[in-house]
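These figures come from a predicted structure and were not determined experimentally.
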Amino acid sequence: MKKELLAASLAVFALSGGAFSVEASEAPVYSLDGIVVTASRVPEKKMDSNADVSVVTSKEIAEKHYDDVSEAIRHVPGVTLAGYSASAQNYSTNQVYINGSSNVVVLVDGMRKNTNGITGASANLGQLVDMDSVDHIEVLKGSASTLYGSDAQGGVINIITKTPKEGVHTTLTMSFGNEDKEKYNLYNEGREGNVFWSVEAGKELMGDFKDGWGRRVINHLNAEHYNVKLGYDLGNDSDIVFNYGKYKSHYTRPDAGSNDKTADKGKKDDDSISLQYKAKINDRLSNRFSIYRNRTTFKDNYNLAGSWPTLWDMAMKTTGLSDQLIYTMDRHTMTGGVDWYKDEITRYHNISSYGTELAVPDGTHVSDTAFYLQDKIDVTDKWNVTPGVRFDHHSRFGNHTSPSLSVGYKQNENTNYYVNYKTFFVAPNLYQLYSPRYGRKDLDPQEGNTVEFGVNHRFSDSLSGTFNVYHTHAKNILTYDEAYRATNSGKTDVNGFNISLDKEFGPHWEAGIGYSYLHARAQDGKNINLDGTLPESTLHVGLSYKADRFDASLSGRGVMNRYGKKKYPEMRDYANYWVWDLAANYHFTKGATLFARLNNIFDQFYTDVGTSYGPDANPAYYQYWYSAPGRNFEVGLQYQF
């Protein structure tokens, strides 16, 4: 721990500007000059944001050809993804953790995408595959319950979609790779007069893959998606936008981990619909009203009903609305609103190997109604304070109030410090409450608070950095026991920090580095580290090169000490590893790009999912091991007109 404290101290000193200075370059770094909205629900420079926010830009998405949102945020410091397969679209989607917590709110254009209860995951990030329509992704790390609700203990992921440009623009993409991988995608956007639109459709195929040891793992995917946005510009920064999205897939997975040769078949059928109205009422007052409905369905093990594997036939619907007002005065920015959503089970049938059917009555639901208000007060030109409060009425757990307080100090145009105190209240979801096999109706909400200190600093026009250190205290921890049944498990204290540096080396080269440290200590003697899913240390490095017709990027992710020194000593051989990925693009003529990806360059053998058993465990005894894919490649062609 002494080494980590020393690193944190050096990081604060360096980011405060007292360590050194660097030659300036012509182009500024986006990471601090760009505009973000997630931290305060108000557009502001990332430099001025009193929060730890990382941004994945459309430029990075285009250059690295990410398959889905989960892949795009994998290299964000503080984010951990637990992947069960070669694709996050097979079986359970990738579980996402921010600063050690799986209680994360996922938004698209500020509207909730969480499906709180169909599985243990908070949202199907792996099924958000319409990447051509994404402008950027903001990842807010740290509790944000006052603005975003009870399940924002770890943070918020806000996917901001593109605003269509004038005229009509089309992008066609197709790619092929090993593991029988094929991808086809069409994206069209345009604006004519006051009307604007975007349409996206795609299909993806994938077969079995080999892990880093060359072992073949069952993995088949046949997925397709469609997304339509239709908007009308009302003038004066006001518009109304309709969205419809559809995702369907058929997949095959191994029944009990990568070693199992029993093939389980499944299928998913999701859709979402929303309507959002934004109005600038006057120079001081603006309003945003949203109404949405998300529906998700999956049927797993349907080919083996009546035999050993369990049949899961589940469907869920989330309906919600929100209305937000922002009012600005000379030294005040007030944000207030109302949120309401209802999570509902529309079908839940669980048939065991013994033929016993366990079901949840259709229409079982929980709802939450909340009112929130915060005011960012510029006390002086340098100091600001932001008090906030959220009042929730949960249909099962009653009333709860979540206060917060943020204090910021902007030393100058290049340095901003902040200290935050935020409370959270996490209600058990439908899966945890009502799953006949794994749920428990007598659960209590998880409660606690987070204290954090951070600094955003620009060393020069070409070098910027952020540092954030946090402490989270939680009680009534919502977790799962050894029988995978939901339970409350005592108290815990989580300490950690995230640090990142971004540097431009002239017009052609850019580099970035990020480090995360996490230590979770349970006060009831239990380890909450989910059998090693959450590493103690993660190091991210990236290097990119750009010329007139060619660009390339190299990304590395180093995972260190995933398992404690005393627990699961047999897993120490798999506690540390590096994974390197390479992407390149050649723009050989106007509008046409040839691209290639090489993932896991050095064929590293590893798993993203914590387990207490090694890779040679016998799957007949449910000793799960989920291998990540070994070296794999993809080549493709993109044409824009």
Excluding sequence neighbours, so at least two apart, what forms side chain to side chain donor-acceptor pair (under 3.5 Å) with H250?
none
Could you walk me through whether D300 and K265 satisfy the salt bridge (Lys or Arg N to Asp or Glu O under 4.0 Å) test, starting with their C-alpha distance in whole Å, then the side-chain angles of each, then the deciding distance to 0.1 Å, before giving a yes or no?
CA-CA 6 Å; D300 187 71; K265 294 185 179 296; over 6 Å; no
Using modelled atom types and a 3.5 Å cut-off, is there a donor and acceptor pairing between side-chain atoms of S395 and backbone atoms of S367?
yes
Take atom NZ in K183; do more than 12 heavy atoms of anything else shown fall under 6.0 Å from it?
yes
Mind running salt bridge (Lys or Arg N to Asp or Glu O under 4.0 Å) on K229 and D130 for me, showing each step along the way?
CA-CA 12 Å; K229 172 193 282 188; D130 45 341; over 6 Å; no
Verdict with reasoning, F425 to H400, per ring-ring contact (aromatic ring centres under 6.0 Å, His included)
CA-CA 8 Å; F425 155 79; H400 194 276; 4.3 Å; yes
Just so I know, are the side chains of N227 and V199 near enough to count as touching, which here means a heavy-atom distance under 4.5 Å?
no
Looking at residues at least two apart in the chain, or sitting in another chain, which of them share a side chain to side chain contact (heavy atoms under 4.5 Å, CB included) with T80?
Y97, L534, P535
Straight-line distance of M131 CE to I61 CD1, nearest 0.5 Å
4.0 Å
In Å, rounded to the nearest 0.5 Å, how long is the span from CD of Q446 to OG of S489?
10.0 Å
Taking C-beta and beyond as the side chain, do N301 and D255 meet within less than 4.5 Å on heavy atoms?
yes
Quick one: does any side-chain atom of Q324 pair with a main-chain N or O of G337 as donor and acceptor, under 3.5 Å?
no
Side-chain (Q432) to main-chain (P428) donor-acceptor, under 3.5 angstrom:
no
Checking D211 side chain against F209 main chain: does a donor-acceptor pair fall under 3.5 Å?
no
Working to the nearest 0.5 angstrom, can you tell me the gap between F289 CZ and I240 CD1?
10.0 Å
Taken in chain and number order and not counting sequence neighbours, the residues that satisfy side chain to side chain contact (heavy atoms under 4.5 Å, CB included) with T423 are S402, P403, Y421, N449
I'd like to know if the side chain of D313 and the backbone of K299 have a donor-acceptor N/O pair within less than 3.5 Å.
no
Just do the side chain to side chain contact (heavy atoms under 4.5 Å, CB included) check on K248 and K268 with the steps written out, would you?
CA-CA 5 Å; K248 294 182 67 175; K268 300 180 181 180; over 6 Å; no
Return the minimal non-hydrogen interatomic distance between G207 and H220, and the atom names on each side.
CA-ND1, 3.9 Å
What's the separation between atom NZ in K261 and atom CD1 in I218, rounded to the nearest 0.5 Å?
6.5 Å
Test of understanding: with side chain to side chain contact (heavy atoms under 4.5 Å, CB included), list the residues that count as partners of L147, not counting sequence neighbours.
R41, Y372, Q374
Going by salt bridge (Lys or Arg N to Asp or Glu O under 4.0 Å), name the pairs with one or both residues in residues 99-109, residues two or more places apart or in two chains.
none
Assign the ring pair W312 / Y431 to parallel, tilted or perpendicular, where the plane angle (0 to 90°) is split at 30° and 60°.
tilted
Distance-minimising heavy-atom pair for R215 and S627:
NH2-OG, 3.6 Å
Hey, are the side chains of Y292 and L321 touching, using non-hydrogen atoms and a 4.5 Å cut-off?
no
How about N222 and K203: does a side-chain donor come under 3.5 Å of a side-chain acceptor?
yes
Looking only at heavy atoms, what is the nearest atom pair of N103 and S101, with distance?
N-OG, 3.1 Å
Counting N and O atoms only, with roles assigned by atom type, does the side chain of D260 sit under 3.5 Å from a partner on the main chain of T262, one being a donor and the other an acceptor?
yes
Using a 3.5 Å distance criterion without hydrogens, assess whether the side chain of N114 forms a donor-acceptor pair with backbone atoms of V106.
yes
Quick one: pull up CG in N185 and NE2 in H65 and give me the separation to the nearest 0.5 Å.
12.0 Å
D151/R112 under salt bridge (Lys or Arg N to Asp or Glu O under 4.0 Å): CA gap, chis, key distance, verdict
CA-CA 11 Å; D151 40 0; R112 292 175 63 94; 2.9 Å; yes
Has the side chain of N294 got a donor or acceptor atom that lies under 3.5 Å from a matching backbone atom of S272?
no
Tell me, please, which residues at least two apart from R440 pass side chain to side chain contact (heavy atoms under 4.5 Å, CB included).
D442, L443, D481, R485, T487
Worked verdict on D392 versus T369 for side chain to side chain contact (heavy atoms under 4.5 Å, CB included):
CA-CA 6 Å; D392 283 273; T369 304; over 6 Å; no
So, S516 side chain and G78 main chain: donor-acceptor pair closer than 3.5 Å or not?
yes
How far apart are the C-alpha atoms of D362 and R347, what are their side-chain angles, what is the distance that settles it, and do they pass the salt bridge (Lys or Arg N to Asp or Glu O under 4.0 Å) test?
CA-CA 6 Å; D362 294 351; R347 185 174 69 254; over 6 Å; no
At what distance, to the nearest 0.5 angstrom, does CG of N178 lie from CE of M206?
9.5 Å
On the 0 to 90° scale, with breaks at 30° and 60°, tag the W625-Y574 ring pair as parallel, tilted or perpendicular.
perpendicular
Under the side-chain hydrogen bond (donor to acceptor under 3.5 Å, both in side chains) rule, what do E224 and Y247 come out as? Steps first, then yes or no, please.
CA-CA 6 Å; E224 57 190 47; Y247 172 89; over 6 Å; no
For F298, is the NZ or CZ atom of K267 found under 6.0 angstrom from the centre of its six-membered ring and inside 45 degrees of the ring axis?
no
As a quick check of understanding, evaluate side chain to side chain contact (heavy atoms under 4.5 Å, CB included) for L128 and D68, giving each step before the final call.
CA-CA 6 Å; L128 300 177; D68 54 63; 5.7 Å; no
Check step by step if ring-ring contact (aromatic ring centres under 6.0 Å, His included) holds for Y84 and Y626.
CA-CA 6 Å; Y84 286 83; Y626 291 93; 4.9 Å; yes
For side-chain hydrogen bond (donor to acceptor under 3.5 Å, both in side chains), just list the numbers for T450 and S143, CA-CA rounded to whole Å, side-chain angles, deciding distance to a tenth of an Å, and then say yes or no.
CA-CA 6 Å; T450 296; S143 178; 4.8 Å; no
Geometric class of the W213/F605 ring pair [parallel <30°, tilted 30-60°, perpendicular >60°]:
parallel
So for atom NZ, which belongs to K210, do other residues, nucleotides or ligands contribute more than 12 heavy atoms lying within a distance under 6.0 Å?
no
Can you confirm whether more than 12 heavy atoms, excluding those of K246, are under 6.0 Å from its NZ atom?
yes
Intermediate values then yes/no, side chain to side chain contact (heavy atoms under 4.5 Å, CB included), V366 and L430
CA-CA 7 Å; V366 295; L430 286 172; 4.0 Å; yes
Taking all atoms of both residues into account, what is the closest heavy-atom pair of P615 and N259, and its distance?
O-ND2, 2.6 Å
Look only at the side chain of D270 and the backbone of T297, and say whether a donor-acceptor pair between them is shorter than 3.5 Å.
yes
